[in-house]
Amino acid sequence: MKKRYLGVIPARGGSKGIPKKNIKDMNGKPLIAYTIEAANKAIKNGVLSRCIVSTDSKEIAEVSRRYGADVPFMRPDYLGGDTIKSVDVILHALSFLEEQDEHYDAVVTLQPTSPMRTAEDLINGIKMFDEHTSDSLIAVYEDVKANGFNYYRMGENQKGIAEHKEHNTGMRRQEMKPMYVRNGALYISVIELLKERKLIIGDIPLLFVMPKERSIDVDTMMDFEYIEFLMKKYLNNECYES
């Protein structure tokens, strides 16, 4: 039997770093619109059963609906703070839909702060999850510099504690194993993981590799402006239009 995937776009209204970040204009569209459009293409493709926006903001809900989003409820106030865990938002959405006799096999969490994630990324990520046995999947990018050789923690008296035991052996970059960094663009979680362990990511998740240039998560204005620059530079390239 074909798995039923529920997409959830969590978009709270109280962004401190960038005011109204989720609906701030990015290259002619609200930031959240890029994620909504990618999700809607995945629904048309048949890999995503439904996708909803979970928000505590009437303004975000209105903008989301304008761009074709499904907003079946307003998130309660107790889920609106900046300390709320994503899993609690997901579980609330599941509970709401289950009360209407809607049931799913897995949830696809799509942060609106990953506008470079394409519909193809979403579709291929779900297909990868279908083809393997795992309780979760995360999107990542390969980064040679994240191998730990250059990472130190601050110890007492300003002394550095190396994250890698071979940090001073002169190992060449070509000899290092590739490392992968979570980019926040895509999470897939089976229902049991969410309900029983209250987790979005399991102990050994599948890794769905995306290009580094499409792995930027909007956290600061510098991120925002850099993505706008990339979008304008590659405006005619379809991989940046979803």
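Please read these numbers as outputs of a predicted model, since none were measured by experiment.
Asn22 places a side-chain N or O within donor-acceptor distance of the main-chain N or O of Arg12, the cut-off being under 3.5 Å.
With a 6.0 Å radius and a threshold of 12 heavy atoms from other residues, nucleotides or ligands, Lys58 has its NZ atom at or below the threshold. The number of heavy-atom neighbours closer than 6.0 Å to CZ of Arg50, taken from other residues, nucleotides and ligands shown, is above 12.
In this structure, SG in Cys51 is found 7.0 Å from CG in Leu6, a value given to the nearest 0.5 Å. We find the NZ-OG distance between Lys195 and Ser95 to be 8.0 Å, quoted to the nearest 0.5 Å. Interatomic distance, Asp25 CG to Leu31 CG, rounded to the nearest 0.5 Å: 10.0 Å.
Considering only heavy atoms from C-beta on, Leu137 comes within 4.5 Å of Leu186 through its side chain. Residues Lys198 and Leu91 form a side-chain contact, since some pair of their non-hydrogen atoms from C-beta on lies under 4.5 Å apart. A heavy-atom distance below 4.5 Å is found between the side chains of Ile227 and Pro115. With a 4.5 Å cut-off on side-chain heavy atoms, Thr35 and Arg117 count as touching. For the pair Ile191/Val107, a side-chain contact is recorded, criterion being any heavy-atom separation below 4.5 Å from C-beta on. Side-chain atoms of Met116 and Glu213, non-hydrogen and from C-beta on, never get closer than 4.5 Å to each other. Using a 4.5 Å heavy-atom threshold, the side chains of Leu194 and Leu199 count as separate. Looking at heavy atoms from C-beta onward, His103 lies in side-chain contact with Glu98 at the 4.5 angstrom threshold.
The residues Lys21 and Asp223 are annotated as not salt-bridged, no charged nitrogen and carboxylate oxygen being separated by less than 4.0 angstrom. Here Arg214 does not pair with Glu120 in a salt bridge; the nearest charged N to carboxylate O distance is not below 4.0 Å. No salt bridge links Glu37 with Lys41; every basic N to acidic carboxylate O contact stays at or beyond 4.0 Å.
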_Audit row: Glu192, Asp135, side-chain contact (heavy atoms from CB on, under 4.5 Å) steps and yes/no_ = CA-CA 8 Å; Glu192 292 77 12; Asp135 60 5; over 6 Å; no
Using the rule given for side-chain contact (heavy atoms from CB on, under 4.5 Å), can you reason through Lys24 versus Val218, listing the C-alpha separation, both sets of side-chain angles and the distance that settles it, and then say yes or no? CA-CA 11 Å; Lys24 183 175 174 61; Val218 178; over 6 Å; no
Output, in order, the C-alpha distance, side-chain angles, deciding distance and verdict of side-chain contact (heavy atoms from CB on, under 4.5 Å) for Arg182 and Ile201. CA-CA 11 Å; Arg182 193 168 77 206; Ile201 307 171; 3.2 Å; yes
For Val209 and Val140, what are the C-alpha separation, side-chain angles and deciding distance, and is it a side-chain contact (heavy atoms from CB on, under 4.5 Å)?
CA-CA 5 Å; Val209 182; Val140 299; 4.0 Å; yes
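Ile52 and Leu110 sit in two unconnected hydrophobic clusters of ILVMFWY residues. Membership requires side-chain heavy atoms under 4.5 Å apart, directly or through other members. Linking ILVMFWY side-chain heavy atoms closer than 4.5 Å, directly or via other members, places Phe129 and Val8 in two distinct hydrophobic clusters. Tracing side-chain contacts under 4.5 Å through hydrophobic residues (I, L, V, M, F, W, Y), one reaches Val108 starting from Val190; they form part of the same cluster. Note on Tyr141 and Phe208: separate hydrophobic clusters, where clusters join Ile, Leu, Val, Met, Phe, Trp and Tyr whose side-chain heavy atoms are under 4.5 Å apart, directly or indirectly. Tyr180 and Met210 are not part of a single hydrophobic cluster, where members link through side-chain heavy atoms under 4.5 Å apart.
No option in Ile123, Asp130, Asn124, Leu122 other than Ile123 meets the side-chain contact (heavy atoms from CB on, under 4.5 Å) test with Val47.
Summarising the geometry of Ala185 relative to Ser114, their closest heavy-atom pair is CA-OG, 3.4 Å, with the distance given to 0.1 Å. Taking all atoms of both residues into account, the shortest heavy-atom contact from Arg75 to Ala11 is NH2-N, 3.4 Å. Closest of all the heavy-atom pairs between Gly13 and Ile60 is CA-CD1, 3.7 Å. Shown here for Val71 and Thr55, the closest heavy-atom pair between the two residues is CG1-CG2, 4.4 Å. Here the shortest heavy-atom pairing between Met231 and Asn27 reads CB-ND2, 3.5 Å. Contact detail for Pro30 and Val63: the closest heavy-atom pair is CG-CG1, 3.6 Å.
The cationic group of Lys29 does not satisfy the cation-pi geometry with Tyr67, failing either the under 6.0 Å distance to the six-membered ring centre or the 45° limit from the ring axis.
Phe73 and Phe96 have tilted rings, their planes meeting at an angle from 30° to 60° on a 0 to 90° scale.
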